[in-house]
There are 2 protein chains.
Amino acid sequence: MSGLHILTKGWAYRLLMLPDGRRQIAGFLIPGDICMTEVPDVRLDFSLSSLTDSTYLHLSNQTLDRLRAAYPAVGEGLAIHNHVASAILRNWVLNLGQRNAFERIGHLFCEMLIRLRCIGMAENDGYHFPVTQIELAEATGLTPVHVNRTIQDMRARGLVSLQNRELKILDFARLANLVMFDPAYLHPVTGGCAQDG
Amino acid sequence: MSGLHILTKGWAYRLLMLPDGRRQIAGFLIPGDICMTEVPDVRLDFSLSSLTDSTYLHLSNQTLDRLRAAYPAVGEGLAIHNHVASAILRNWVLNLGQRNAFERIGHLFCEMLIRLRCIGMAENDGYHFPVTQIELAEATGLTPVHVNRTIQDMRARGLVSLQNRELKILDFARLANLVMFDPAYLHPVTGGCAQDG
DNA sequence: CGCAATATTGAAATAAGTCAAACCGTGTGG
DNA sequence: CCACACGGTTTGACTTATTTCAATATTGCG
């Protein structure tokens, strides 16, 4: 393999575009996520955008090799990270293909809660969510208008509150159940936090 | 990393399911594709189904290590394969999120043509396509009824013919243009076939 | 203060879904 | 050799989730 770029601070997203301008967000990145792997002779099919002030760490091929050699757990950790990243992506396919507007948005809210919890960036089922409704629409394959109405529906049902980029899940159990969120694909977890052997 | 399972003959697909029974196909696998990577302590989030009589090759951890050591190109090849597999998945997200029924199905037809060509399993823009309309619906997030009507539309426009599991793209240039298919994400290719250095 | 980007609301249009029936090829068994 | 059952395809009529268009708040911010 080759070098890696890791997001170390802030939020970002992976963007895919169609020649006629249609935009699809194919994943949100938070600290700890690998946003890109360098592979020789392969063109990138996506672009990255930061949502907030963010910083990145670049690990070169050699650095990575040395790390792997010195700490075998590094290689294993990368393998797990890769697997989870694929699982998240596959799950996004499931979302777009099978879930309706309510379920898509609710599922994203739940997923980000668990992922942020794992890195200590969520408390009490609430977290900073620096994503506009327009971007949320680009992520869920919906219209901004419909995203808006759906969020209002969630508010009316007392499931979430969202204002000033602060999201709070008011009834996680009910929301998770309604949108069929099962955190298993994010990794074997305990109370929302990864357990490393 | 760990062991690998490679499809060596036949077609298969990766299936995701929701607890209420909704099914989403998250990718078709053809010979040469890695259908699964063994990662310790990680539960699989998908299942695999064969569409035709198929065979698999299992490469154990040790075998793989030995291969990689003896032939450096193996490691690089795997990295490229991984990258392309992710790109295909991301593209499927783009499909489901932004393309309409016609574009989704047409895009899949184009993608499979190029991928099959690379392994010598397509000729003259035609190939064996062992996927029922029901499965095609599960892959595209559409209804079988709507898939049917869309294919009829394609037939009526003289773009494809499909009967007895044999698909022929009658006007590839026009179809690719209509559905905005750009093979770049499948790998730098020449005439549909991968060029390895 | 006033712009520019977001968020919200309403009404009308449409792509895709649902339900239900008919059709078709094909293999099987009487 | 016909009848029938089976999985898949096709068709029609009707419903609905989501989009579109367009206008009106609202908010952050230089």
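So you know, we letter chains A, B, ... as the sequences are listed, proteins then strands, and number each from 1.
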- Scan T132(A) against the nucleic acid and name what it touches under 4.0 Å (heavy atoms): base, sugar-phosphate only, or nothing. sugar-phosphate
- Task: Compare side-chain N and O positions of Q163(A) against OP1 and OP2 of dT26(D) and report whether any pair is under 4.0 Å apart.
- Result: no
- Query: Expressed in angstrom and rounded to an integer, what is the separation of Q98(A) atom CD from dA16(C) atom C1'?
  - Reply: 13 Å
- Can F181(A) and F109(A) be said to form a ring-ring contact (aromatic ring centres under 6.0 Å, His included), step by step? CA-CA 10 Å; F181(A) 173 74; F109(A) 287 171; over 10 Å; no
- With the side chain of Q133(A) defined as its heavy atoms from C-beta on, choose the nearest nucleotide among dT8(C), dT9(D), dT18(C). dT8(C)
Donor-acceptor list for residues 161-170 of chain B side chains, cut-off 3.5 Å, not counting sequence neighbours:
residue, atom, partner, partner atom, Å
E166(B), OE2, H128(B), ND1, 2.9
K168(B), NZ, N124(B), O, 3.4

- Rounding to a whole Å, what distance do you find between R104(A):CZ and dT18(D):P? 7 Å
- Query: Rounded to whole angstrom units, what separation is found between the CD1 atom of I105(A) and the C1' atom of dA17(D)?
  - Reply: 13 Å
- Report yes if some heavy atom in the side chain of V131(B) is under 4.5 Å from a heavy atom in the side chain of M112(B); otherwise report no. no
- Query: So does N148(B) get a side-chain nitrogen or oxygen closer than 4.0 Å to the phosphate oxygens (OP1/OP2) of dG8(D)?
  - Reply: no
- Message: Distance check needed: dT6(C) P versus I134(A) CD1, whole Å only.
- Response: 5 Å
- Task: Keeping the roles fixed (side chain from T52(B), backbone from G10(B)), state whether a donor-acceptor pair exists under 3.5 Å.
- Result: no
- Message: If you compare every side-chain N and O of R99(A) against the phosphate oxygens of dT18(D) (OP1, OP2), does one of them come in below 4.0 Å?
- Response: no
- Task: Return the value, rounded to whole Å, for the distance between atom CZ of R165(B) and atom C1' of dT26(C).
- Result: 12 Å
- Message: What's the closest nucleotide to the side chain of N100(B) if the choices are dT20(D), dA7(C), dA16(C)?
- Response: dA16(C)
- Message: Using whole Å, what does the distance between atom P of nucleotide dA17(D) and atom CD of E103(A) come to?
- Response: 12 Å
- Whole Å only: how far is the NE2 atom of H146(B) from the P atom of dA20(C)? 21 Å
- Item | Nearest-0.5 Å distance, CZ of residue R14(B) to CZ of residue R90(A) | 5.5 Å
- Task: Map N164(A) and G141(A) onto DNA chain D by nearest heavy atom, then report which one ends up closer to the 5' terminus.
- Result: G141(A)
- Task: Output the single nucleotide from dT9(D), dG10(C), dG17(C) whose closest atom is nearest the side chain of R149(A).
- Result: dG10(C)
- Message: The side chain of Q152(A) is closest to which nucleotide in this list: dT9(C), dT27(D), dT18(D)?
- Response: dT9(C)
- Between P of dA16(C) and CG of L96(B), the distance in whole Å: 12 Å
- May I ask you to verify if any side-chain N or O of R155(A) is less than 4.0 angstrom from the OP1 or OP2 atom of dT8(C)? yes
